[in-house]
Amino acid sequence: LKTGKRRGLYFDGAAADHVISFFPEFLIFYEGNFDNQPFTLTPCQQFIVGSIFGWKRKRDGFRRFRTAYIEMGKGQGKSPLAGGIGLYCLAFDDEPGAEIYAAAVTREQAGILFRDARTFAEKSESLRDILQIDKHNIAYPAENSFFRPVSSEHRGLDGKRPHLALIDEIHEHPN
């Protein structure tokens, strides 16, 4: 077996820590048992986020993983986690013109994930200062970037150039 180092891979701990620390620094829960508490990632969530954002390719420094499939039980925080990742990629991933999408089969389902992101942004004074938050769009004007919900109900994915696509309820998609 080849090791990651021999395959030209390395783990950038600072990159992983940057995104992991983004959650409690910028995101506050807004409902349930965790209302008004910082979004501190659980160890499992830290592993997921750290793996996605920390592993890099030596040849170009880009992230090793371009696709991540996250499966968790109901009520384990998938939508808030995805919404937080979307906000991070919108404003802190050094991607000018980033297009972030919360995608689902129905507009209603896409709106659930987007609602979590929008509410996190509205509750964060720091994010409110840099983002323009509307009902169906979160814009980061400094980098000409946005985060929007889209569904396949109205051919909503034509012509998109996503920096990040968060696809919710993947089992509902026909293909």
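Numbers here are sequence positions counted from 1.
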(Q) Under the criterion side-chain contact (heavy atoms from CB on, under 4.5 Å), I'd like the reasoning laid out for D93 against L164: C-alpha separation, chi angles, the key distance, then a yes or no. (A) CA-CA 10 Å; D93 203 24; L164 177 68; over 6 Å; no

query: Should the heavy atoms of other residues, nucleotides or ligands under 6.0 Å from CZ of F65 be counted, would the total exceed 12?
result: yes

When F29, F22, F26 are each screened for ring pair (Phe, Tyr, Trp, His ring centres under 6.0 Å) with F39, the one that passes is F29

Q) Does the side chain of F146 reach to within under 4.5 Å of the side chain of E99, using non-hydrogen atoms? A) yes

What one should report as the nearest heavy-atom pair of P80 and F120 is O-CE1, 3.6 Å

Fill in: ILVMFWY network linking I167 to I85, side-chain heavy atoms under 4.5 angstrom
no

May I ask you to decide if D116's main-chain N or O and T119's side chain share a donor-acceptor pair within less than 3.5 Å? no

Discussion item. Let's go through H163 and C89 carefully: what are the C-alpha distance in whole Å and the side-chain angles of both, what is the deciding distance for side-chain contact (heavy atoms from CB on, under 4.5 Å) to 0.1 Å, and is it a yes or a no?
Written reply: CA-CA 8 Å; H163 173 59; C89 287; 4.1 Å; yes

When rounded to the nearest 0.5 Å, the distance separating CD of Q45 from NZ of K78 is 11.0 Å

* Do V49 and L81 have side chains that get closer than 4.5 Å, going by heavy atoms? -> yes

What one should report as the nearest heavy-atom pair of L87 and A117 is CD1-O, 3.3 Å

query = So do E143 and D94 actually touch side chain to side chain, heavy atoms under 4.5 Å?
reply = no

When rounded to the nearest 0.5 Å, the distance separating CD1 of I48 from CD1 of I20 is 10.5 Å

Trace of the side-chain contact (heavy atoms from CB on, under 4.5 Å) decision for E95 with Y140 = CA-CA 11 Å; E95 180 71 19; Y140 181 42; over 6 Å; no

Taken to the nearest 0.5 Å, the spacing of F47 CZ from T42 OG1 works out to 12.0 Å

Between L113 and A82 the two heavy atoms that sit nearest each other are CD1-CB, 3.7 Å

On a heavy-atom basis, the closest approach of P24 and P38 is O-CB, 3.7 Å

Contacts of R148 meeting salt bridge (charged side-chain N to carboxylate O under 4.0 Å, His left out) (sequence neighbours excluded), chain-then-number -> none

When rounded to the nearest 0.5 Å, the distance separating CD of E122 from CD1 of I28 is 14.0 Å

*asked:* Would you say CG of N144 has more than 12 non-hydrogen atoms from neighbouring residues, nucleotides or ligands within 6.0 angstrom?
replied: no

So CD of Q46 and OG of S21: to nearest 0.5 Å the spacing works out to 10.5 Å

ask   = Counting distance only, does the side-chain N/O of R118 pair as donor-acceptor with the main-chain N or O of K135 below 3.5 Å?
value = yes

So T40 and F34, side-chain contact (heavy atoms from CB on, under 4.5 Å) or not? Walk me through it. CA-CA 10 Å; T40 301; F34 299 105; over 6 Å; no

By salt bridge (charged side-chain N to carboxylate O under 4.0 Å, His left out), R57 pairs with (sequence neighbours left out) D60

The single option from Y88, F53, F23 that satisfies ring pair (Phe, Tyr, Trp, His ring centres under 6.0 Å) with H18 is Y88

Check your understanding: Should F92 and L41 be counted in the same cluster of Ile, Leu, Val, Met, Phe, Trp and Tyr side chains packed under 4.5 Å apart?
Key -> yes

Check your understanding: Side chains of F114 and L166: closer than 4.5 Å at any heavy-atom pair?
Key -> no

Of all heavy-atom pairs linking P96 and S145, the shortest is C-OG, 4.2 Å

Review point. Would you say P141 and Q132 make side-chain contact, with heavy atoms under 4.5 Å?
Key: yes

> Do the side chains of L127 and I133 get nearer than 4.5 Å, heavy atoms only?
Replying inline: no

Where the side chain of D134 meets the backbone of H136, is there a donor-acceptor pair that is under 3.5 Å apart?
-> no

In this structure, NZ of K56 is separated from CZ of R64 (nearest 0.5 Å) by 13.5 Å

Taking every heavy atom of I112 against every heavy atom of S79, the minimum-distance pair comes out as CG2-OG, 4.4 Å

